[in-house]
Amino acid sequence: MVVSTEVVQRWGGGGHGVPVTLQEFLADRGMGAAQPRPALDLAAVDVRPSRIAAEEIAGLGCAYEYDDMVRLRCSGGFSFIDLCRRRWSDSALPAVDVVLLPRSHDDVRRILDAAREKQWAVVPFGGGTSVVDGVDVTDRLTVGVAFWEMNSVLDLDSETGEVRVQPGIGGPELERWLEARGFTWGHIPQSWERATVGGYVATRSAGQTSTGFGRADATVTNLRIAAPIADFDLGRAPGTAAGPDLKQVFLGSEGSFGIITEIGLRVRPLPEKKVYEGLLFPSFVAGKRAFRQLALDRVPADMMRLSDAEESAVNLAMSGLSGITKQAFDRYTALRKVAGGCLAIVGWEGPADVVAARRAHAYTVFRQFGAVRLPATVGRSWEKNRFTAPYLRDDLLDAGYLVETLETANEWSQLDATYKAVHEGLRGALGDPLIGTHLSHIYPTGASLYFTVITPLADDPVAQWKTAKAAATQALVDTDATITHHHSVGRDHAPWLTGEVGESGVDLLRVIKAHVDPQSLMNPGVLGLG
Ligand SMILES: Cc1cc2nc3c(=O)[nH]c(=O)nc-3n(C[C@H](O)[C@H](O)[C@H](O)COP(=O)(O)OP(=O)(O)OC[C@H]3O[C@@H](n4cnc5c(N)ncnc54)[C@H](O)[C@@H]3O)c2cc1C
């Protein structure tokens, strides 16, 4: 296994520089003076040597890796702070002592039994796209468990519409496999190119079409888990009243209670029709009201995303509209009273007649709130570029910008307060950063808010972001929003978990942890446990 420094430091590709359109936008916003900060040569940085000898793992019967880059890759995620550490740290980097590569549930069982005997900490690693410090190491002897050889589809029950997979399979591989058999899972987050199904369910991830397809955890029908104390096989019939749903204990447990080794997922037939379109609303408030109306009517689109004015302006600036086309666009939007308005992307998937009916209803509502449909290229362009943001982040980091995101959800009646408080918190900490915000992941009672922050790097970028993130998270707590809608808790959000679930809620998590993992081996520190 060869892992290049590129894979550890960057999302990939890139190196093309920040697009001129974005450079100009940032300059207009008074942020043109960032000092470029290219990544250090990681190959020249020391990685903590392994302290677990090969003889100690020889009996486990699975492959393993001691290579420094492989160990480093499995010792961190992809948050801004993870990237700061791997791009700009010139001191030795801690890493798991060895990366184990099980092929089956039984291999995982043997690993956990050995960990219990030898007191190894165990860090499960999916795609390493955690943005909340969900993958990290301490001073303890630690084995990373990566699922690169546990990435198969186990079976498909096409009559039921259920597929069973191993945790290491990635979204693109799973979708290709399903598509060949006429099905789709439809969980497509922005990290799709790197993340794994095991990671999605361990963090309760939400994809871009979660409004229609459901968040990852909502599609799980069955889980097989190896925990230090025992194995669990949870999830039977499509509905049950057999006590609390114990699957929920492990969904979102972030490797803290055990390793998810097999996953049953609800899938659906490939859609006959897919439509993604762009609209412009006169304001964020108008767009939010339209989205809320569709949610209340119980006919939301499958994908609904509404950008605020700042995010819309960035998207428009980067769309490449210029010259006569831009003038025509400006005239068109001014005439329809949506100039400087808020961009929405909406998408429907399913049988053609159902898509037509849902779409017709949606447009009746959108028109009531003053929306104007944009040319078909806008929706197509969103589909084409839906995965580009992390590549752009690489280039912005090189150019000397802090780029990070945070997210939440709240009830319809509280969303404005949360939006305002988070913006105030971020501005209080960072001055006048660019904050692009969008509303997405629509529920009958509310929605998610997602914030992207860009500002020139300070001398100590880690402290810079930690201060801003603390202010923003406090704003979430103060406005009764969740501390995370889909990024999960990791170690970053753990200090705020008590505010979310109460002392007794955290105590309950501790009791579960003490039962399934009495030696606190599993991913220590995640969820504030162990
Ligand atoms: C650019 C970017 C875009 C993103 N976009 C989205 C988005 O649109 N929606 C969204 O929800 N999230 C998003 N994320 C966050 C991240 O992709 C998700 O949290 C994802 O679910 C993590 O999957 P992974 O396979 O990379 O898991 P990892 O990062 O490897 O692990 C995440 C956590 O799960 C644990 N874990 C992994 N596999 C297992 C297993 N088999 N058993 C037990 N525990 C396990 C790990 O120990 C860790 O605590 C994004 C992240 C990035 C960097």
Side-chain angles (χ1 to χ4, degrees), residues 19 21-22 24-25 28-29 208-209 211-212 273-297 299-349 355-386 412 415-416 419-420 423 434-442 447-452:
T21 47
L22 183 56
E24 287 171 358
F25 188 90
D28 285 350
R29 277 286 271 100
Q208 290 163 339
T209 48
T211 303
K273 180 95 180 158
K274 269 190 189 191
V275 185
Y276 283 82
E277 289 171 326
L279 303 158
L280 212 52
F281 280 95
S283 67
F284 197 53
V285 171
K288 188 192 82 171
R289 289 198 179 133
F291 277 22
R292 172 182 160 273
Q293 187 60 50
L294 281 188
L296 293 181
D297 294 346
V299 277
D302 294 314
M303 212 287 286
M304 299 176 77
R305 172 187 168 133
L306 171 72
S307 296
D308 71 351
E310 179 125 270
E311 190 171 276
S312 301
V314 179
N315 289 341
L316 194 58
M318 291 187 66
S319 70
L321 277 185
S322 62
I324 296 179
T325 332
K326 172 84 168 62
Q327 284 165 17
F329 178 84
D330 288 345
R331 269 201 305 277
Y332 176 79
T333 53
L335 208 63
R336 282 159 183 77
K337 301 192 171 50
V338 289
C342 291
L343 180 69
I345 302 290
V346 285
W348 296 266
E349 301 193 13
V355 166
R358 292 167 68 206
R359 193 163 155 250
H361 177 76
Y363 273 100
T364 305
V365 172
F366 293 156
R367 275 192 293 271
Q368 280 165 14
F369 290 92
V372 168
R373 192 186 305 175
L374 295 173
T377 47
V378 175
R380 282 205 289 274
S381 154
W382 178 83
E383 274 196 280
K384 186 164 156 252
N385 294 314
R386 63 198 290 184
W412 291 115
L415 278 170
D416 291 348
Y419 176 99
K420 186 164 174 281
H423 277 240
L434 189 157
I435 311 172
T437 308
H438 63 254
L439 186 83
S440 53
H441 309 290
I442 310 301
S448 163
L449 283 172
Y450 187 94
F451 306 86
T452 303

Visitor: Among all residues two or more places apart in sequence or in another chain, which pass the ring-ring contact (aromatic ring centres under 6.0 Å, His included) test with Trp382?
Guide: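 With sequence neighbours excluded, Trp382 shows a ring-ring contact (aromatic ring centres under 6.0 Å, His included) to Tyr276, given in chain and number order.
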
Visitor: To check you understand the geometry: which heavy-atom pair defines the closest contact between Pro282 and Ala371, and what is its length?
Guide: CD-N, 4.3 Å

Visitor: Give the minimum heavy-atom separation between Gly370 and Val338, together with the two atoms involved.
Guide: O-CG1, 3.5 Å

Visitor: So, using ring-ring contact (aromatic ring centres under 6.0 Å, His included) as the criterion, who are the partners of Phe281 when residues are at least two apart?
Guide: Phe366

Visitor: My understanding is that only residues two or more places apart in sequence, or in another chain, count here; which of them pass salt bridge (Lys or Arg N to Asp or Glu O under 4.0 Å) with Arg292?
Guide: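 In terms of salt bridge (Lys or Arg N to Asp or Glu O under 4.0 Å), with neighbours along the sequence ignored, Arg292 is linked to no residue.
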
Visitor: Sort and list the pairs that fulfil salt bridge (Lys or Arg N to Asp or Glu O under 4.0 Å) and have at least one residue in residues 275-287, not counting sequence neighbours.
Guide: Glu277-Arg359

Visitor: Do you know which two heavy atoms are closest between Ala447 and Ser440, and how far apart they sit?
Guide: CB-O, 3.8 Å

Visitor: Looking only at heavy atoms, what is the nearest atom pair of Thr211 and Pro300, with distance?
Guide: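 The answer is CG2-CB, 3.7 Å.
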
Visitor: Which is it for Ile345 and Val378 under the side chain to side chain contact (heavy atoms under 4.5 Å, CB included) test, yes or no, and what are the steps along the way?
Guide: CA-CA 8 Å; Ile345 302 290; Val378 175; 4.1 Å; yes

Visitor: Who pairs with Lys420 by side-chain hydrogen bond (donor to acceptor under 3.5 Å, both in side chains), at least two apart in sequence or on another chain?
Guide: Glu424

Visitor: Run the side chain to side chain contact (heavy atoms under 4.5 Å, CB included) test on Tyr419 and Leu439 for me, step by step, so that the C-alpha distance in whole Å, both residues' side-chain angles and the decisive distance to 0.1 Å come before the verdict.
Guide: CA-CA 10 Å; Tyr419 176 99; Leu439 186 83; over 6 Å; no

Visitor: What's the spacing between Leu316 CG and Met318 CE if we round to 0.5 Å?
Guide: 11.5 Å

Visitor: Nearest 0.5 Å, what's the CH2-CD1 distance between Trp412 and Ile442?
Guide: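 Those atoms lie 4.5 Å apart.
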
Visitor: Which side chain to side chain donor-acceptor pair (under 3.5 Å) pairs, counting each pair once, include a residue from residues 327-342, with sequence neighbours left out?
Guide: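 Passing the test, one end in residues 327-342: Lys326-Asp330.
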
Visitor: Can you sort out the partners of Arg289 under salt bridge (Lys or Arg N to Asp or Glu O under 4.0 Å), two or more places apart, ordered by chain and number?
Guide: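 Scan of Arg289 (salt bridge (Lys or Arg N to Asp or Glu O under 4.0 Å), adjacent residues dropped) gives none.
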
Visitor: Can you list everything that forms a salt bridge (Lys or Arg N to Asp or Glu O under 4.0 Å) with Glu349? Sequence neighbours excluded, please.
Guide: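 None.
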
Visitor: Would you confirm whether Ser283, through its side chain, and Ala286, through its main-chain N or O, come within 3.5 Å as a donor-acceptor pair?
Guide: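 Present.
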
Visitor: How long is the gap from CZ on Phe284 to CG on Leu415, to the nearest 0.5 Å?
Guide: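 If I round to the nearest 0.5 Å, the distance is 8.0 Å.
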
Visitor: Which heavy atom of Gly340 sits nearest a heavy atom of Ala309, and at what distance?
Guide: O-CB, 4.4 Å

Visitor: Among residues at least two apart in sequence or on other chains, which ones pass ring-ring contact (aromatic ring centres under 6.0 Å, His included) with Phe369?
Guide: none

Visitor: Start with the C-alpha distance between Tyr363 and Arg373, add both sets of side-chain angles, then the distance that settles side chain to side chain contact (heavy atoms under 4.5 Å, CB included), and finish with yes or no.
Guide: CA-CA 9 Å; Tyr363 273 100; Arg373 192 186 305 175; 3.4 Å; yes

Visitor: Restricting to salt bridge (Lys or Arg N to Asp or Glu O under 4.0 Å), what partner residues turn up for Asp28, sequence neighbours left out?
Guide: none

Visitor: Could you please spell out the steps behind the side chain to side chain contact (heavy atoms under 4.5 Å, CB included) verdict for Leu343 and Leu280?
Guide: CA-CA 5 Å; Leu343 180 69; Leu280 212 52; 4.2 Å; yes

Visitor: Which heavy atom of Cys342 sits nearest to which heavy atom of Ser307, and what is that distance?
Guide: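 That closest heavy-atom pairing would be CB-O, 3.1 Å.
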
Visitor: Does Arg367 have any side-chain hydrogen bond (donor to acceptor under 3.5 Å, both in side chains) partners at least two apart in sequence or in another chain, and if so, which?
Guide: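 With sequence neighbours excluded, Arg367 shows a side-chain hydrogen bond (donor to acceptor under 3.5 Å, both in side chains) to no residue whatsoever.
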
Visitor: Counting C-beta onward and ignoring hydrogens, is there a side-chain heavy-atom pair between Thr377 and Arg380 closer than 4.5 Å?
Guide: yes

Visitor: What distance separates Leu306 CG from Ser312 OG, expressed to the nearest 0.5 Å?
Guide: 7.0 Å

Visitor: Can you tell me how far apart CG (Leu449) and NE2 (His438) are? Round to the nearest 0.5 Å.
Guide: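 Nearest 0.5 Å value for the CG-NE2 distance: 9.0 Å.
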
Visitor: In Å, rounded to the nearest 0.5 Å, how long is the span from CZ of Phe329 to OG1 of Thr325?
Guide: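 Those atoms lie 11.0 Å apart.
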
Visitor: Please collect all salt bridge (Lys or Arg N to Asp or Glu O under 4.0 Å) contacts where either partner lies in residues 302-316, sequence neighbours excluded, each pair once.
Guide: Arg29-Glu310, Asp302-Arg358, Arg305-Glu311

